[in-house]
There are 2 protein chains.
Amino acid sequence: MYASHLLPQAAGVAYQLSGRPSDAADLDCMLASQPVEKLAVGEAVFWEGDTASHLFQIVEGCLRLYRILADGRRAIIGFRFGGETLGMACQNTYGYTAETVTAVRLRRIGRNRIWAATDGADLLQPVLMARIFEEMAAAQRHIIVLGQLGAEERVANFLISFACRTGSDRRRPVAVELPMTRLDIADYLGLTIETVCRVISKFKREGMIAPDGRHRIILKDISALLHLAGELEDGTSSDLAGMTQRPPAWAN
Amino acid sequence: MYASHLLPQAAGVAYQLSGRPSDAADLDCMLASQPVEKLAVGEAVFWEGDTASHLFQIVEGCLRLYRILADGRRAIIGFRFGGETLGMACQNTYGYTAETVTAVRLRRIGRNRIWAATDGADLLQPVLMARIFEEMAAAQRHIIVLGQLGAEERVANFLISFACRTGSDRRRPVAVELPMTRLDIADYLGLTIETVCRVISKFKREGMIAPDGRHRIILKDISALLHLAGELEDGTSSDLAGMTQRPPAWAN
DNA sequence: CGGACCGTTGAGGCTTGTCAATATCCGTGG
DNA sequence: CCACGGATATTGACAAGCCTCAACGGTCCG
């Protein structure tokens, strides 16, 4: 399912092709003129605390975003895939380290150039804001997952949300690619690697999923997973279409 | 601050022409011209799902921000106090309900007016972005607290972060006002009310804190609390400077 | 003064973490 | 192409932490 780079940023490009001289095209245009950089597995794009000088667009691959705590624990804040952006909602310095899970191809652009572009005609601004707000909404969903849900609910949420993001075809059963390790998943969900394994095994026993190798899981009973997930993922997928196909919120 | 009585549409521009290149005043200025509204205990400012039409500045009081899950659980996303803003990092609709914990006085301003004011020269934008980024950083800290820390660590974090926010004088011991109930704290920290109580009692037994009534706690051993909290609260000031001291345009 | 709500404390059970052993995957080199 | 070795994943037994249920105490308010 790594054909995702063939349809980069569904939102931006689709909108661009629709013929409207839209805002979404701006950012993509600026980025499209940048050279593509390649990173091997395990390389860092930037480190927590680095000056947040650039914004990145992932062409292909998967990244993990994490912080290391004082006692050595690793907290994974999130993952990013091809078609998504990186370094958007940062202050002076990056708040986390971004490291490749797979080989990654990406483009970068100076944040100063972004902000300079908004000074003139600010067609760009709504797109930036929409993406930042989407990141915020994702963070709040994650807060609820970590604060309120049990292990099975967390894993169900994880699977469902990744099924939505990686743009699986809507036929059922859906196959989900999980390039990250179980440890990555555990550090993301606030569980241990053993608990993640046990939950996955249980889902498999109960026929809800069918693992296919380490990094691929077929979701066989999506409604059961959705029910477990607590319907946190219904109207709130990382679907950017909602933000572009509608007058921006701040236009009121 | 400015004692301006600006017409709604002219607010941003008028400020812009006023000659002071200080951005932070902008938003405060626009808000200062709005009437103060008063809310009683338990009233909602807005509900999850409402159209996000306004931005609010809390003059005085305390609010809880929460979502109700499908099964009835309540997840508190955060608290807001006097001097803080509300409804900043939202998309089309508010992502949570905002309800008063104490009596609250606040001002509101239409989001459309905010964005209209950024259309010209955007002195306002850096301030808005800085606050949004600060909200984002707070959300990521909360993710780490909920995902990685145990009950005692969570409560210690909670106490420390509130000691910082409510602007306690730096003399030690520091008194922290906690207007919310234990249930609010539990729903915020992803614990039960009983666990919160037990941790507080333990801290009290060990001489780290000294509760004074239900809604006031004196922190007697801050370094011990900081150590428990895992030093998550040290270098995270809400530094607005970053967006205004941009790197030069050639720094790509 | 009484009642309702909030807070505190205790006993026991369930979920998850820890430790340990085994199995599987995958890249590397023969 | 196959064998090997290290990393990753899985499974089980046990312990620890947190939740549930229950009872009691405190406080605020009518």
Side-chain angles (χ1 to χ4, degrees), chain A residues 40-42 62 64 69 71-76 101-103 145-159 177-206 209-217 228, chain B residues 40-42 62 64 69 71-76 101-103 145-159 177-206 209-217 228:
Chain A
V41 174
C62 175
R64 60 180 153 247
L69 307 192
D71 59 0
R73 278 174 290 195
R74 182 186 67 163
I76 292 189
V101 171
T102 66
V145 167
L146 295 178
Q148 307 295 133
L149 305 188
E152 295 182 17
E153 296 169 310
R154 296 190 200 187
V155 174
N157 252 286
F158 180 80
L159 294 175
E177 299 292 335
L178 300 176
M180 70 291 294
T181 67
R182 298 287 189 264
L183 183 57
D184 288 331
I185 299 174
D187 285 349
Y188 176 66
L189 293 179
L191 300 169
T192 59
I193 186 173
E194 293 96 333
T195 299
V196 171
C197 275
R198 274 186 268 266
V199 171
I200 289 177
S201 297
K202 188 187 177 199
F203 286 176
K204 177 184 173 185
R205 271 198 308 279
E206 296 176 351
I209 65 174
D212 173 21
R214 286 177 170 176
H215 298 301
R216 184 184 180 84
I217 291 183
L228 254 183
Chain B
V41 173
C62 175
R64 59 181 153 244
L69 307 191
D71 60 359
R73 278 174 291 194
R74 183 185 66 164
I76 292 190
V101 171
T102 65
V145 167
L146 295 179
Q148 308 294 133
L149 305 188
E152 296 182 17
E153 296 170 308
R154 295 189 201 188
V155 174
N157 252 287
F158 180 80
L159 293 175
E177 300 292 336
L178 301 175
M180 69 291 293
T181 68
R182 298 286 189 264
L183 182 57
D184 288 331
I185 299 174
D187 286 348
Y188 176 67
L189 294 179
L191 300 168
T192 59
I193 186 173
E194 294 96 331
T195 299
V196 171
C197 273
R198 274 186 265 267
V199 171
I200 289 177
S201 296
K202 187 185 177 198
F203 285 177
K204 178 184 173 185
R205 270 199 309 278
E206 296 175 348
I209 64 175
D212 173 19
R214 288 178 169 175
H215 297 301
R216 185 183 178 84
I217 291 183
L228 254 183

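Per chain, numbering begins at 1; letters A, B, ... match sequence-line order.
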Exercise: identify the closest heavy-atom pair between [X] and [Y]:
X: B:Ile193; Y: B:Ala186; result: N-CB, 3.5 Å
X: B:Thr102; Y: B:Pro179; result: CG2-CB, 3.5 Å
X: A:Ile200; Y: A:Pro211; result: CG2-CG, 4.3 Å
X: A:Glu177; Y: A:His215; result: OE1-O, 3.3 Å
X: A:Gly190; Y: A:Leu146; result: N-CD2, 4.1 Å

- Task: Note the angle between the end axes of the helix from C:dC1-D:dG30 to C:dG30-D:dC1, five pairs defining each, rounded to 10 degrees.
- Result: 40°
Could you give the [atom1]-to-[atom2] distance, from [X] to [N], as a whole number of Å?
X: B:Leu228; N: D:dG17; atom1: CG; atom2: P; value: 13 Å
X: A:Ile193; N: C:dA23; atom1: CD1; atom2: C1'; value: 14 Å
X: B:Ile217; N: C:dG7; atom1: CD1; atom2: P; value: 11 Å
X: B:Asp187; N: D:dC19; atom1: CG; atom2: C1'; value: 14 Å
X: B:Asp184; N: C:dC5; atom1: CG; atom2: C1'; value: 14 Å
X: A:Leu149; N: D:dC18; atom1: CG; atom2: C1'; value: 16 Å
X: A:Phe203; N: D:dT11; atom1: CZ; atom2: P; value: 14 Å
X: B:Arg154; N: D:dG17; atom1: CZ; atom2: C1'; value: 11 Å

- With distance as the sole test, does A:Arg73 use its side chain to make a donor-acceptor pair with the main-chain N or O of B:Gln148 at under 3.5 Å? yes
- Has the side chain of B:Arg154 got a donor or acceptor atom that lies under 3.5 Å from a matching backbone atom of B:Val196? no
- Task: Tell me, with the steps shown, if A:Phe203 and A:Ile217 meet side-chain contact (heavy atoms from CB on, under 4.5 Å).
- Result: CA-CA 11 Å; A:Phe203 286 176; A:Ile217 291 183; over 6 Å; no
Output one line per pair: protein atom, nucleotide atom from nucleotides 25-28 of chain C, and distance, for all N/O pairs under 3.5 Å.
residue : atom : partner  : partner atom : Å
C:dC25  : O4'  : A:Arg214 : NH2          : 3.2

- Could you please name the option among C:dG7, C:dT9, D:dC18 that lies closest to any side-chain atom of B:Ser201? C:dT9
Protein-nucleic acid N or O pairs under 3.5 Å, nucleotides 17-21 of chain C:
residue : atom : partner  : partner atom : Å
C:dG17  : OP2  : A:Thr192 : N            : 3.4
C:dG17  : OP2  : A:Thr192 : OG1          : 3.2
C:dG17  : OP2  : A:Thr195 : OG1          : 2.5
C:dT18  : O4   : A:Arg198 : NH2          : 2.8
C:dC19  : N4   : A:Glu194 : OE2          : 2.9

- Query: Under the side-chain contact (heavy atoms from CB on, under 4.5 Å) criterion, do B:Asp184 and B:Arg74 qualify, and how do the steps go?
  - Reply: CA-CA 9 Å; B:Asp184 288 331; B:Arg74 183 185 66 164; 2.8 Å; yes
- Let me see the working for A:Phe158 and A:Leu178 under side-chain contact (heavy atoms from CB on, under 4.5 Å), right down to the final yes or no. CA-CA 10 Å; A:Phe158 180 80; A:Leu178 300 176; 3.7 Å; yes
- Query: Atom OG1 in B:Thr195, atom CZ in B:Arg182: separation rounded to 0.5 Å?
  - Reply: 13.0 Å
